[in-house]
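Below is a structure I'd like to ask you about.
Each ligand, and each atom within it, is numbered from 1 in the order the structure gives.
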Amino acid sequence: MPEGDAVYRTAARLRGALDGRVLTRSDFRVPRHATADLRGRAVLTTVSRGKHLLTRVEGGLTVHTHLRMDGSWRVMPAGRRTAGGDQVRLILANEEWQAVGIKLGMVDLVTTADEPRLVGHLGPDLLGADWDPGEAVRRLRAAPDRTIGEALLDQRNLAGIGTIYRAETLFLRGIWPWRKVGEIEDLEGLVTLAHRLLEANKGHGGTVTTGDRRPANQTWVYGRAGRPCRRCGTRISRGEMGAQPQERLILWCGGCQPR
Ligand SMILES: [Zn+2]
């Protein structure tokens, strides 16, 4: 599942292909907007807010997309045969480039003035210019009985963390994922570490939390269930957190992250 840093990179790719250029094709393959036509309008820019993408178009319109579990945007030269087949949900193209949205979890067309309705509920964006650790901590503290694992994934507290950064941040801070928010003293240190990890990875593909970019060495616990902890040798545990059907993967080390 794409996390905040991957969405951030996607926004940068879309800006490179679409910003300042007039759309020559807009193909919404979702029933709700099947007749929408943005041809002739210039794209102003694309911004990411947490895991949401907002592509602003001349005339006060915003194309809102979300990658959800396995969506992606591919950018390719305009003349090339479009990839993605029947998984394509949206194509935005100009004379030079085409941006092809594949398996997008959400495609919406709204007025730009309406953006707050879509993303106004989000907590501080870990990769936003307005990242505010104090506000993230304040929002987390508002529900002290929640498990920290669930609270970190709730984008209303802070926006951009998915299952990988959740697992890695909690490991690095030595926090058992089911610990209650109210029992954690240094929440500021926790969210600041998450911010540093996303910042360090936003410029390139891959999620590296160990500082070692070799494919087998990039993470401490994520993707390592049953393997020995890199610090203490305990086998890494794997489980699920959250109420059904929203439960999501969690990995942790019982040695480094005791109850
Ligand atoms: Zn360990």
Side-chain angles (χ1 to χ4, degrees), residues 1-9 50-51 69-70 123-124 126-127 131 133-134 136-137 139-141 143-155 157-244 246-259:
M1 165 155 200
E3 312 217 7
D5 58 330
V7 179
Y8 180 94
R9 287 193 295 278
K51 299 195 221 169
M69 294 311 276
D70 50 5
L126 283 149
L127 292 175
W131 162 242
V137 168
R139 290 178 179 229
L140 286 167
R141 282 211 197 289
D145 288 334
R146 243 183 139 186
T147 67
I148 186 62
E150 285 177 83
L152 285 181
L153 274 201
D154 188 335
Q155 308 292 302
N157 290 329
L158 67 175
I161 293 182
T163 48
I164 304 177
Y165 285 108
R166 165 169 79 173
E168 296 294 300
T169 305
L170 290 174
F171 172 83
L172 284 165
R173 300 293 299 185
I175 297 170
W176 186 53
W178 284 269
R179 203 141 123 209
K180 291 200 164 124
V181 169
E183 294 169 358
I184 296 167
E185 281 176 24
D186 190 8
L187 279 175
E188 174 121 10
L190 180 66
V191 302
T192 298
L193 175 63
H195 170 69
R196 260 182 33 219
L197 292 175
L198 268 86
E199 274 288 331
N201 284 303
K202 73 178 184 185
H204 52 75
T207 304
V208 182
T209 59
T210 54
D212 186 337
R213 299 187 55 75
R214 288 176 292 175
N217 296 11
Q218 294 182 353
T219 58
W220 294 101
V221 289
Y222 199 86
R224 301 197 68 244
R227 316 249 308 266
C229 172
R230 299 187 195 281
R231 278 193 176 155
C232 74
T234 303
R235 285 194 187 284
I236 302 298
S237 302
R238 178 189 193 280
E240 288 182 334
M241 286 195 88
Q244 293 178 341
Q246 302 283 325
E247 69 272 30
R248 302 271 304 276
L249 192 62
I250 181 72
L251 292 108
W252 74 100
C253 170
C256 297
Q257 298 163 268
R259 270 173 198 242

Output yes when R196 and E199 qualify as a salt bridge under the 4.0 Å nitrogen-oxygen rule, no when they do not.
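Between E199 and R196 there is no salt bridge, as every charged N stays at least 4.0 Å from the carboxylate O atoms.
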Mind checking whether W131 and H195 have parallel, tilted or perpendicular rings, split at 30° and 60°?
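Aromatic pair W131/H195 classed parallel.
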Looking at D186 and R173, is any side-chain nitrogen of the basic one under 4.0 Å from a carboxylate oxygen of the acidic one?
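Judged by the 4.0 Å cut-off on N to carboxylate O distance, R173 and D186 do form a salt bridge.
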For Y8, ring-ring contact (aromatic ring centres under 6.0 Å, His included) partners two or more places apart
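Y8: no ring-ring contact (aromatic ring centres under 6.0 Å, His included) contacts found.
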Side chain to side chain, T207 and E3, heavy atoms closer than 4.5 Å:
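When only atoms from C-beta onward are counted, E3 and T207 do not touch, as no gap falls below 4.5 Å.
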Going by side-chain contact (heavy atoms from CB on, under 4.5 Å), M241 matches just one of L249, T163, I250. Which one?
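Considering L249, T163, I250, a side-chain contact (heavy atoms from CB on, under 4.5 Å) with M241 is found only for I250.
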Could you please tell me which protein N, O or S atoms lie under 2.8 Å from the Zn ion (ligand 1)?
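Near the Zn ion (ligand 1), the protein supplies C229 SG, C232 SG, C253 SG, C256 SG.
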